[in-house]
Enquirer: 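Below you'll find the structure I mean.
Everything quoted here is computed from the prediction, not taken from an experiment. Nothing fancy with the numbering, it's 1 onward along the sequence. For ligands, and for the atoms within them, numbers begin at 1 and follow the listed sequence.
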Amino acid sequence: MKYNRTYNFSAGPATMPEPVLEEIRDEMMNYRGSGMCVMEMSHRSPVFQQIVDEAERDLRELMHIPDNYRVLFIQGGATLQFAMIPVNLMKNGVACYVETGAWSKKAIAEAKKYGDVHVVASSRDRNFCCIPDCSNLDIPENADYVYICENETIHGVTWNRLPDTRGHVLVSDQSSMFLSRPCNVSDYGLIYAGVQKNVGPAGMVVAIIREDLIREDLDPRTPIYMSYKTHADNGSMYNTPNCWAIYCCGKVFRYLRSIGGLEEMERRNIEKARVMYDFLDSSEMFTGTVDRECRSLMNIPFVTGNRDLDAKVVAAARAAGFDNLKGHKSVGGLRASVYNAMPREGVEALVEFLKKFEAENG
Ligand SMILES: *Cc1c(COP(=O)(O)O)cnc(C)c1O
């Protein structure tokens with residue numbers, strides 16, 4: 001390995017594509033003749049405006065975002081969206097949420113501060129190891145939206161078929177699967193993603209919102225930053241944006257286009273995840289914790305069934321150059337996050353390591 005980097009299986013902030021990091025390095029001291037680093041630039045300068053415009057254009061191309069959707073770059077992470085969504089989208093004060101794990105739970109708790117929240121389906125009784133049946137949800141007529149977390153980063157479950165919202169607006173937290181596969185944007189009213197999982201550095205969210213959902217008649221006490229209209233009317237630059245994250249994400253959008261777009265990314269992600277799941281299905285020592293049909297391509301939790309042994313694997317893996325495999329404290333065991341930027345070789349090397357560990361400790 002050229003830079004002596006570890007294979008980083010962190011759930012986020014997470015590994016980024018090496019060609020992108022190299023480009024950033026090359027432009028660090030003097031961005032394309034501007035005489036300065038992007039970190040040092042005025043966000044009102046033409047050179048930075050071009051960076052934002054290109055980032056948005058490349059994302060639109062990549063996802064085929066229709067013209068009636070706005071692309072917003074917002075700070076505060078995915079966590080701020082847990083509040084911004086009810087504040088902006090609750091007209092009737094009613095929303096439906098599907099509870100599938102840790103992140104949807106947090107979104108539900110936040111939304112409850114603002115209105116009447118119906119948890120219309122939950123996999124809580126199965127420890128969030130699957131996506132509940134959503135073919136016949138009991139959605140009140142006046143519900144403002146239906147909310148899902150499309151990939152639960154901690155529990156490792158993912159949606160392979162969207163719920164039937166009966167014509168209501170669908171809102172999706174795509175933080176840990178954003179750009180991992182093609183996405184039909186017009187199925188949604190609002191898609192958002194914290195970029196530090198599958199795209200770039202921490203501190204920013206991309207929100208893709210259908211224009212008619214951007215409202216002006218919010219409670220006048222709403223912080224100006226929390227109104228989607230503020231961001232939409234000001235090209236995501238009402239105040240100083242996270243310039244650095246916009247720049248880095250733009251590079252990743254461009255890189256994804258260069259490798260063949262989201263179809264190619266999905267093909268690679270399926271292959272890569274299969275290496276890991278095939279191993280888990282054949283291992284005597286390690287077991288995946290998620291039902292087969294809901295398994296995430298991005299976050300793969302697994303256990304030995306013995307806490308001490310789990311800890312021993314994590315430590316041995318770390319020493320062997322595989323970092324951040326410890327499972328989240330709420331699930332335990334191990335978790336391999338294999339986002340877009342994790343090369344297939346990294347997963348293959350991890351599986352070789354785990355096989356050897358099993359042979360020596362089984
Ligand atoms: C990490 C994560 C969040 C929270 O993101 P922050 O940017 O830390 O606020 C929300 N939802 C999902 C699915 C996540 O993976």
Side-chain angles (χ1 to χ4, degrees), residues 8-16 72-87 95 97-113 122-124 128-131 145-160 162-163 170-181 183 188 190-208 223 225-226 231 236 241-242 244-246 248-249 252 269 289-290 294-301 324 326-331 335-342:
N8 177 7
F9 292 92
S10 169
T15 190
M16 286 176 61
L72 310 175
F73 301 119
I74 307 173
Q75 302 187 62
T79 298
L80 185 66
Q81 296 306 304
F82 296 163
M84 266 179 85
I85 288 162
V87 162
Y97 280 68
V98 181
E99 186 188 48
T100 48
W103 290 113
S104 47
K105 271 161 67 175
K106 286 201 163 161
I108 290 166
E110 194 74 349
K112 280 182 172 166
K113 296 180 187 168
S122 173
S123 51
R124 179 191 289 267
F128 304 117
C129 72
C130 61
I131 299 293
Y145 59 89
V146 177
Y147 179 104
I148 63 169
C149 174
E150 205 161 333
N151 185 79
E152 287 278 3
T153 321
I154 291 173
H155 291 87
V157 293
T158 210
W159 291 72
N160 289 314
L162 295 176
L170 180 62
V171 174
S172 177
D173 176 359
Q174 290 196 347
S175 295
S176 49
M177 46 83 69
F178 193 54
L179 307 180
S180 67
R181 61 186 186 195
C183 167
Y188 306 81
L190 169 62
I191 294 167
Y192 74 95
V195 298
Q196 78 273 24
K197 308 289 163 66
N198 209 17
V199 190
M204 193 175 82
V205 149
V206 176
I208 302 168
Y225 196 84
M226 286 182 64
H231 300 278
S236 299
N242 186 335
W244 184 249
I246 292 172
C248 296
C249 290
V252 173
N269 284 331
T289 57
V290 172
C294 308
R295 285 169 163 178
S296 170
L297 294 182
M298 300 278 102
N299 311 99
I300 307 181
N324 289 310
K326 190 171 188 291
H328 189 270
K329 57 186 186 297
S330 62
V331 176
R335 173 178 48 167
S337 293
V338 294
Y339 294 121
N340 285 355
M342 171 59 65

Enquirer: Under 3.5 Å, side chain of Tyr339 to main-chain N/O of Ala11, donor-acceptor pair present?
Expert: yes

Enquirer: Relative to the ring of Tyr192, is the ring of Phe82 parallel (under 30°), tilted (30 to 60°) or perpendicular (over 60°)?
Expert: perpendicular

Enquirer: Does the pair Ile191 and Cys183 meet the rule for a side-chain contact (heavy atoms from CB on, under 4.5 Å), with working shown?
Expert: CA-CA 10 Å; Ile191 294 167; Cys183 167; 3.8 Å; yes

Enquirer: With hydrogens left out, which residues have an atom under 4.0 Å from ligand 1, given that only heavy atoms count?
Expert: Gly77, Ala78, Thr79, Phe82, Trp103, Cys149, Asn151, Thr153, Asp173, Ser175, Gln196, Lys197

Enquirer: Test side-chain contact (heavy atoms from CB on, under 4.5 Å) on Thr289 and Arg335; report intermediate values, then the result.
Expert: CA-CA 10 Å; Thr289 57; Arg335 173 178 48 167; over 6 Å; no

Enquirer: Are His231 and Tyr225 close enough that their ring centers fall under 6.0 Å?
Expert: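 They qualify: ring centres under 6.0 Å apart.
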
Enquirer: Among Ile154, Asn151, Thr158, which one satisfies side-chain contact (heavy atoms from CB on, under 4.5 Å) with Ser176?
Expert: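 Between Ser176 and the candidates, side-chain contact (heavy atoms from CB on, under 4.5 Å) is satisfied uniquely by Asn151.
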
